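Everything numeric here is computed off the predicted structure, so don't read it as measured data. Quick note: numbers below take in every heavy atom, side chains included, and nothing from hydrogens, waters or symmetry partners.
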Amino acid sequence: TIRTGELPPLGNPSMTVNAPRYYWRSTVYDQYVGAGWVTSMASAQTIPANTPLIPGLLSGYRLLHLDVRMVEPEGRLFWSGVLFSADIPFTAEWRVRPPSDLFADQAALLQTDMFAASTSAETYQAETYIPVPVINDLRSASTDYPEEIREAYLPLPHSVPERVHDLARQITDGLTNPYEKAKAIENYLRTNYPYDLEVPAPPEGQDVADYFLFDLQKGYCDYYATAMVVLARSSGLPARFVSGYSPGAYDAFNAQYIVRELNAHSWAEVYFPQIGWVEFEPTASLPELERADASLPIPSDQGGEETA
C-alpha cells in the first residue's frame with residue numbers, strides 16, 4: 001500500500017475519486033540484447049537514511065511524499081519519478097552516480113542513472129520528484145541529447161531484423177519532433193496489438209520485438225514495452241525499459257493505493273533534454289497517459305495533478 005497524502009480519506013467507502021496516476025518503478029534497463037533486457041555495469045552504494053541522492057532541485061518537477069508498506073517484501077525499493085531520499089538505509093545500484101557539485105545544472109542532474117535500489121525494509125517513507133511535462137514543451141524539446149544518453153539509450157544490436165527498422169520508419173514518416181514520433185509509436189502498438197497473457201515465449205534465437213510485431217501480434221506488457229523502446233531507438237529517440245507496477249487500485253476510504261501482484265507491469269520511457277525521462281504507455285489494456293497542453297503552476301503543497 002502507498003499513501004501520498006495528496007487527498008484526504010473519504011468517509012463513504014462507496015465514493016470514488018479521480019486520484020493522481022503513478023507508476024511504481026523498481027528496475028530500469030538500458031541494454032537490449034535481442035532475447036530481452038539486461039543492465040550494463042552498475043556499482044553498488046550504501047545510502048544512509050534520509051540522505052539526498054541529488055544535490056539540487058529539478059525544474060519542472062514537483063515533490064511527492066510516499067508512505068509505503070510492503071505486505072509481501074520483494075527486497076527492493078519502489079518509487080515514482082526521480083528518487084530523492086528515503087527514511088531507511090538502502091543500496092543503490094548506479095550506472096551513473098549523481099553529480100556531487102552543488103551547482104550542477106539540470107542536464108547533469110537528469111543524467112543520473114539508477115538500475116535498482118535494494119532494501120529489506122517492510123515499511124519506509126520516500127521523497128521523490130515527479131516530472132510534470134506538458135505537451136507544448138515536449139513538442140518543442142531539443143534533439144541535442146547528451147553524449148552519455150546517446151551512448152546508453154540509442155544502441156540496438158545488429159541482430160534486430162531490418163523489417164523492425166522499416167516499421168519504425170513507416171510509423172514515424174513525416175513527423176518532425178521526438179514527442180510526435182514517440183506518440184505515433186505508442187498509438188500504433190496500442191491500436192494494432194491485442195493484449196493477451198496466454199502467449200508463448202519467443203522461439204530461441206528470434207528477436208523479441210520482431211517476434212511480437214510480426215509473428216505473435218499480441219501479448220502482454222513486456223512485449224509492448226520492448227517493442228516501443230526498440231522502435232523508438234530505431235527512430236533516433238533515446239528510450240529505456242522500466243519494470244515495476246502500474247498504479248493499482250485507489251482506496252479512497254483509506255486514501256491509499258493498493259498495489260497487488262496482478263499490477264506487475266513494464267513500460268517505456270523516452271528522454272527529452274532538460275525535461276528528463278517521460279513515461280509512455282504502449283500496453284493496450286491500460287489507459288493512455290494524460291498530459292496538459294500548457295503549463296500550470298507547480299504547487300508547493302503537493303496538489304494532485306496527474307503525472308505523465
Side-chain angles (χ1 to χ4, degrees), residues 21-40 76 78-81 95 113-116 131 152-157 160 164-165 167-168 171-172 178-179 181-202 206-248 259 261-272 276-289 307-308:
R21 181 178 172 188
Y22 301 110
Y23 282 33
W24 317 110
R25 67 183 64 238
S26 74
T27 48
V28 179
Y29 293 92
D30 61 337
Q31 287 192 348
Y32 181 62
V33 294
W37 292 92
V38 298
T39 181
S40 57
R76 294 196 185 277
F78 291 87
W79 71 96
S80 187
R95 285 187 290 257
D113 193 1
M114 184 191 294
F115 166 59
Y153 290 104
L154 278 176
L156 290 170
V160 174
V164 174
H165 298 296
L167 179 60
I171 295 171
T172 60
Y179 177 71
K181 291 180 180 180
K183 286 298 294 181
I185 295 168
E186 179 190 58
N187 291 335
Y188 181 85
L189 295 173
R190 292 179 60 85
T191 301
N192 293 287
Y193 297 86
Y195 181 81
D196 192 342
L197 287 172
E198 302 299 324
V199 293
Q206 184 166 359
D207 182 89
V208 173
D210 179 79
Y211 178 61
F212 171 69
L213 290 169
F214 296 101
D215 298 332
L216 195 59
Q217 297 188 342
K218 61 182 178 180
Y220 49 87
C221 59
D222 288 353
Y223 283 108
Y224 286 96
T226 293
M228 174 151 189
V229 175
V230 170
L231 291 169
R233 290 188 181 189
S234 180
S235 304
L237 311 179
R240 64 187 189 181
F241 180 99
V242 188
S243 181
Y245 288 89
S246 62
V259 187
E261 182 62 31
L262 61 85
N263 301 121
H265 191 51
S266 300
W267 61 95
E269 293 183 345
V270 176
Y271 184 87
F272 293 83
W277 291 101
V278 176
E279 299 161 349
F280 287 84
E281 183 49 88
T283 300
S285 62
L286 289 178
E288 188 175 354
L289 292 164
T307 186

For [X] against [Y], the heavy-atom pair lying closest together:
| X | Y | value |
| --- | --- | --- |
| Ser234 | Leu156 | N-CD1, 3.8 Å |
| Pro131 | Gly81 | CD-CA, 4.2 Å |
| Arg233 | Leu154 | CB-O, 3.6 Å |
| Gly36 | Val208 | N-CG2, 4.0 Å |
| Ser40 | Gln31 | CB-NE2, 3.4 Å |
| Val164 | Leu231 | O-CD2, 3.6 Å |

Do [X] side-chain atoms and [Y] backbone N/O form a donor-acceptor pair below 3.5 Å?
| X | Y | answer |
| --- | --- | --- |
| Glu186 | Glu281 | yes |
| Arg190 | Leu286 | yes |
| Ser243 | Ser266 | no |
| Tyr32 | Ala209 | yes |

In chain order, what residues pass the ring-ring contact (aromatic ring centres under 6.0 Å, His included) check against Phe78, with sequence neighbours excluded?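 If we apply the ring-ring contact (aromatic ring centres under 6.0 Å, His included) test to Phe78, skipping adjacent residues, the hits are Tyr245.
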Residues that Phe212 engages under ring-ring contact (aromatic ring centres under 6.0 Å, His included), provided they are two or more places apart: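 For Phe212 the ring-ring contact (aromatic ring centres under 6.0 Å, His included) partners, ignoring immediate neighbours, are Tyr193, Tyr223, Tyr224.
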Dump the intermediate steps for side chain to side chain contact (heavy atoms under 4.5 Å, CB included) on Val270 and Lys181, then the final yes or no. CA-CA 11 Å; Val270 176; Lys181 291 180 180 180; over 6 Å; no
Take Phe115 and Tyr29, measure what side chain to side chain contact (heavy atoms under 4.5 Å, CB included) needs, and give me the verdict at the end. CA-CA 7 Å; Phe115 166 59; Tyr29 293 92; 3.5 Å; yes
How many angstroms lie between [atom1] in [X] and [atom2] in [Y], if you round to the nearest 0.5 Å?
| X | Y | atom1 | atom2 | value |
| --- | --- | --- | --- | --- |
| Tyr195 | Ser285 | OH | OG | 4.5 Å |
| Leu289 | Tyr23 | CG | OH | 4.5 Å |
| Leu237 | Tyr271 | CG | OH | 13.5 Å |
| His265 | Arg25 | NE2 | CZ | 12.0 Å |

Taking the side chain as every heavy atom from C-beta outward, state whether [X] and [Y] have any pair of such atoms under 4.5 Å apart.
| X | Y | answer |
| --- | --- | --- |
| Thr226 | Phe241 | yes |
| Ile171 | Asn187 | no |
| Tyr188 | Leu167 | yes |
| Tyr153 | Asp113 | yes |
| Asp207 | Pro202 | no |

Using a strict 4.0 Å threshold on nitrogen-to-oxygen distance, state whether Arg21 and Glu279 make a salt bridge.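 No, no charged N to carboxylate O under 4.0 Å.
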If you apply the rule side chain to side chain contact (heavy atoms under 4.5 Å, CB included), what do you find for Lys183 with Phe280, and how did you get there? CA-CA 8 Å; Lys183 286 298 294 181; Phe280 287 84; 3.7 Å; yes
Which residues pass the side-chain hydrogen bond (donor to acceptor under 3.5 Å, both in side chains) test with Asp210, not counting sequence neighbours?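 side-chain hydrogen bond (donor to acceptor under 3.5 Å, both in side chains) list for Asp210, sorted by chain: Arg163, Gln206.
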Would Trp24 and Trp79 count as a side chain to side chain contact (heavy atoms under 4.5 Å, CB included) if you check the C-alpha gap in whole Å, the side-chain angles of each, and the deciding distance to 0.1 Å? CA-CA 5 Å; Trp24 317 110; Trp79 71 96; over 6 Å; no
